[in-house]
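All residue numbers in this chain count up from 1 along the given sequence.
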Amino acid sequence: MDVKRTGIILKPSNSRVVIRPFEVANENRIEKIIARVSSLSEEEVEAVLMNVRQEFHERHQRTREFLLHRFDQVQRYALTDEALSESRRLLIGAYFTQEYALESAALFNPSMVLHPDQSGLPEGWCRFILSLRATGEGHISSITFRSGVLDAENRIRMDEPTRFVEAPEMVPNALYQKPLFYRKLIELGTNGPLTDQVMAALGDHFTLSELEHTIQNVKHHNRARQREFEPIAHTMVMLAKSNYEIRFSPELDVSERIIFPSSPTETNGIEDARFVKFTHDDGRVCYYATYTAYDGRVTLPQMLETEDFLHFRVGTLNGTEIRNKGFALFPRMINGLYVMLSRQDNENIYLMYSDMLHFWYTKELVARPTYPWEFVQLGNCGSPIETEAGWLVLTHGVGPMRKYAMGAMLLDLNNPTRVIGRLATPLLEPNANEREGYVPNVVYSCGALPHGRELIIPYAMSDYASTFATVAIDDVLNAMTRP
């Protein structure tokens, strides 16, 4: 097979920084910091604030708004209710803010989909969005984006990223659907008197603040059961905080958007988003991404949903088969059901069907490690791609010396549990220029894009940087062995 490497390399950059809250865990220290700033004269405040502005103002957008918001978040620790000047509030906010180099360690595991806006392009061209896993200080991972175009000859032209990066704002008063939320509570084993009373008091749609207020009311009227109710109440609030909405300003360039960990399940990172352009049976198109949330102890599969890469809904996945990593959603329903690839045992590829996007209960074995280059484990490299011959699935296999290689298999269009073709040799292996990195000897992708009869494969090089390769789809199909 003639797999062509493009030579385009996306490397991590220390200069791409985002402003984030600087959290001081000890409340006594927070009070002391605010008191020290409060003791400064107005002239001293202006002098220190001027230094902050000179050093950081041009490195970020909307810095003033962020610092004032940080002041609002710590204001309760002030020793008095004295009104403060805007300069003093800005300076206090600055003491509880930090820069974070989001991709200082790595920029890898890319996923590639068509951009929702395909206007203004020559015939045969397409615009794409590339998501990447960016890893920075503390090995915390987030989702960052790039954009570009493919011309009629499948040449890749990347858009130059800007110097700015900005996290989204949480959507205030985001609404929860009571039936869906209640079902997720039952899955977590939290159904009981507290859950029933809280749910009964809420409307069909409710906000986080309404949930918290209702929980407090129910607890107040059941004081004798405080100890019993407290862990259940905690779980209910944590579930709500793990299902949230975020949005970016439309003025932000694609490269300026970063999805940073926001919920309790994500405190140590958002890993390996597998984006797919999904077409519903009614013709509605949206983008889903399965990803791995990591809290420092437990990995948990979750899902993003967006129509425009500006407004995202983030939700937990539930069911007995939501375990491990590597979930990849098919781009449409099959026989009236959602379909997803999975790897619950860290070794084999499974397939799951469900009539509800957020709940998955059963799995069927699809493929096991068969060839020497995949004897350790087998997994997917993104969502299946529909071809007239079947569902084309890029895979990864782990062989001797923990070397990762990419392969491919073909699944039946109507019965994707049936493998109808498979590569006996790797499609792509790390070459001499790709085997050195944070994790050596690895090539890995979270989703390729077909364009015409060509497959564009973005992939990571040893968990450090990312690049692209192209290959004719027909060459991949013709090279497969058939059962």
Side-chain angles (χ1 to χ4, degrees), residues 1-11 107-115 126-133 145-151 153-158 272-277 289 326 328-331 341 349 373-374 378-387 389-398 403-411 421-423 425-431 433-435 437 441-480:
M1 258 181 304
D2 185 18
V3 179
K4 300 185 178 85
R5 287 171 163 86
T6 64
I8 299 171
I9 299 179
L10 306 178
K11 292 184 178 180
L107 188 65
F108 61 124
N109 292 3
S111 175
M112 190 175 184
V113 290
L114 286 175
H115 196 296
C126 75
R127 185 175 291 114
F128 64 83
I129 287 182
L130 189 76
S131 69
L132 300 115
R133 177 179 170 185
F145 300 98
R146 298 288 190 274
S147 59
V149 294
L150 286 166
D151 67 16
E153 284 74 43
N154 286 311
R155 290 176 296 221
I156 300 170
R157 306 183 185 194
M158 296 297 301
D272 301 348
R274 287 163 159 81
F275 275 89
V276 61
K277 182 181 178 182
L329 188 68
F330 280 63
L341 295 175
I349 292 179
W373 54 275
E374 58 185 23
L378 186 66
N380 70 72
C381 276
S383 292
I385 295 165
E386 187 168 8
T387 73
W391 294 104
L392 178 59
V393 178
L394 292 184
T395 63
H396 70 266
V398 182
K403 175 184 170 182
Y404 278 65
M406 290 176 60
M409 63 182 183
L410 193 67
L411 308 179
R422 189 165 172 178
L423 290 183
T425 57
L427 174 68
L428 194 66
E429 299 180 85
N431 64 19
N433 297 319
E434 298 167 346
R435 63 178 301 187
N441 307 306
V442 174
V443 289
Y444 192 89
S445 178
C446 286
L449 177 68
H451 188 225
R453 299 303 300 176
E454 200 86 3
L455 189 62
I456 316 302
I457 307 172
Y459 65 96
M461 305 181 293
S462 296
D463 284 9
Y464 171 68
S466 295
T467 185
F468 299 86
T470 65
V471 63
I473 293 175
D474 292 332
D475 288 352
V476 178
L477 297 177
N478 291 336
M480 289 186 176

(message) Under the side chain to side chain contact (heavy atoms under 4.5 Å, CB included) test against S383, which residue among V113, V276, V393 passes?
(response)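 Passing option: V276.
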
Pairing residues for [X] by the side-chain contact (heavy atoms from CB on, under 4.5 Å) criterion, not counting sequence neighbours:
X	result
D151	W125, E153, R155, R157
S131	S111, I143, F145, F275
T6	I8, I156, T467, F468, T470
A405	W373, P426, E429

Answer yes or no: is there a side-chain heavy-atom contact under 4.5 Å between [X] and [Y]?
X	Y	answer
L107	R146	yes
S466	M461	no
M409	L392	no
L410	T387	yes
L411	F330	yes

(request) Please test M406 against Y444 for side chain to side chain contact (heavy atoms under 4.5 Å, CB included), starting from the C-alpha separation and ending with a verdict. (result) CA-CA 7 Å; M406 290 176 60; Y444 192 89; 5.9 Å; no

(request) Go through the steps to decide whether L10 and M158 satisfy the test side chain to side chain contact (heavy atoms under 4.5 Å, CB included), and finish with yes or no. (result) CA-CA 10 Å; L10 306 178; M158 296 297 301; 4.2 Å; yes

(request) Working to the nearest 0.5 Å, report the span between CG of L449 and CG of L150. (result)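 One gets 6.5 Å once the value is rounded to the nearest 0.5 Å.
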
(message) To the closest 0.5 Å, what do you measure between CG (N109) and OG (S445)?
(response)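 So the CG of N109 and the OG of S445 are separated by 8.0 Å.
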
(request) Let me see the working for V398 and V442 under side chain to side chain contact (heavy atoms under 4.5 Å, CB included), right down to the final yes or no. (result) CA-CA 9 Å; V398 182; V442 174; over 6 Å; no

Residue pair [X] / [Y]: nearest heavy atoms and the distance that separates them:
X	Y	result
N431	N433	OD1-N, 2.9 Å
A448	P458	CA-CD, 3.8 Å
P384	P331	O-CD, 3.5 Å

(message) Could you check whether any side-chain N or O of S462 sits under 3.5 Å from a backbone N or O of R435, counting only pairs where one atom can act as donor and the other as acceptor?
(response)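 Side chain of S462 to backbone of R435, a donor-acceptor pair under 3.5 Å: yes, one is there.
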
(request) Indicate yes or no for a side-chain donor-acceptor contact from N380 to the backbone of G326 under 3.5 Å, with no hydrogens or angles considered. (result)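 Yes, because the side chain of N380 sits within donor-acceptor range (under 3.5 Å) of the backbone of G326.
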
(message) For F108, give me all partners under ring-ring contact (aromatic ring centres under 6.0 Å, His included), at least two apart in sequence or on another chain.
(response)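 Once residues adjacent in sequence are excluded, F108 has no partner under the ring-ring contact (aromatic ring centres under 6.0 Å, His included) criterion.
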
When the side chains of residues 471-480 are checked against the rest of the protein, which donor-acceptor pairs come out under 3.5 Å, sequence neighbours left out?
from : atom 1 : to   : atom 2 : distance (Å)
D474 : OD1    : R453 : NH2    : 2.5
N478 : ND2    : D474 : O      : 3.0

(request) Report the residues that fulfil salt bridge (charged side-chain N to carboxylate O under 4.0 Å, His left out) with R422, sequence neighbours left out, ordered by chain and then residue number. (result)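 If we apply the salt bridge (charged side-chain N to carboxylate O under 4.0 Å, His left out) test to R422, skipping adjacent residues, the hits are E374.
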
(message) Going by salt bridge (charged side-chain N to carboxylate O under 4.0 Å, His left out), name the residues that satisfy it together with R133, two or more places apart in sequence or in a different chain.
(response)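 Partners of R133 by the salt bridge (charged side-chain N to carboxylate O under 4.0 Å, His left out) criterion, ordered by chain and then number, come out as E271, D272.
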
(message) As a quick check of understanding, evaluate side chain to side chain contact (heavy atoms under 4.5 Å, CB included) for T395 and L423, giving each step before the final call.
(response) CA-CA 10 Å; T395 63; L423 290 183; over 6 Å; no

Not counting sequence neighbours, which residues clear side-chain hydrogen bond (donor to acceptor under 3.5 Å, both in side chains) with [X]? List them please.
X	value
H115	none
K4	D2
S147	D159
Y459	R5, E434

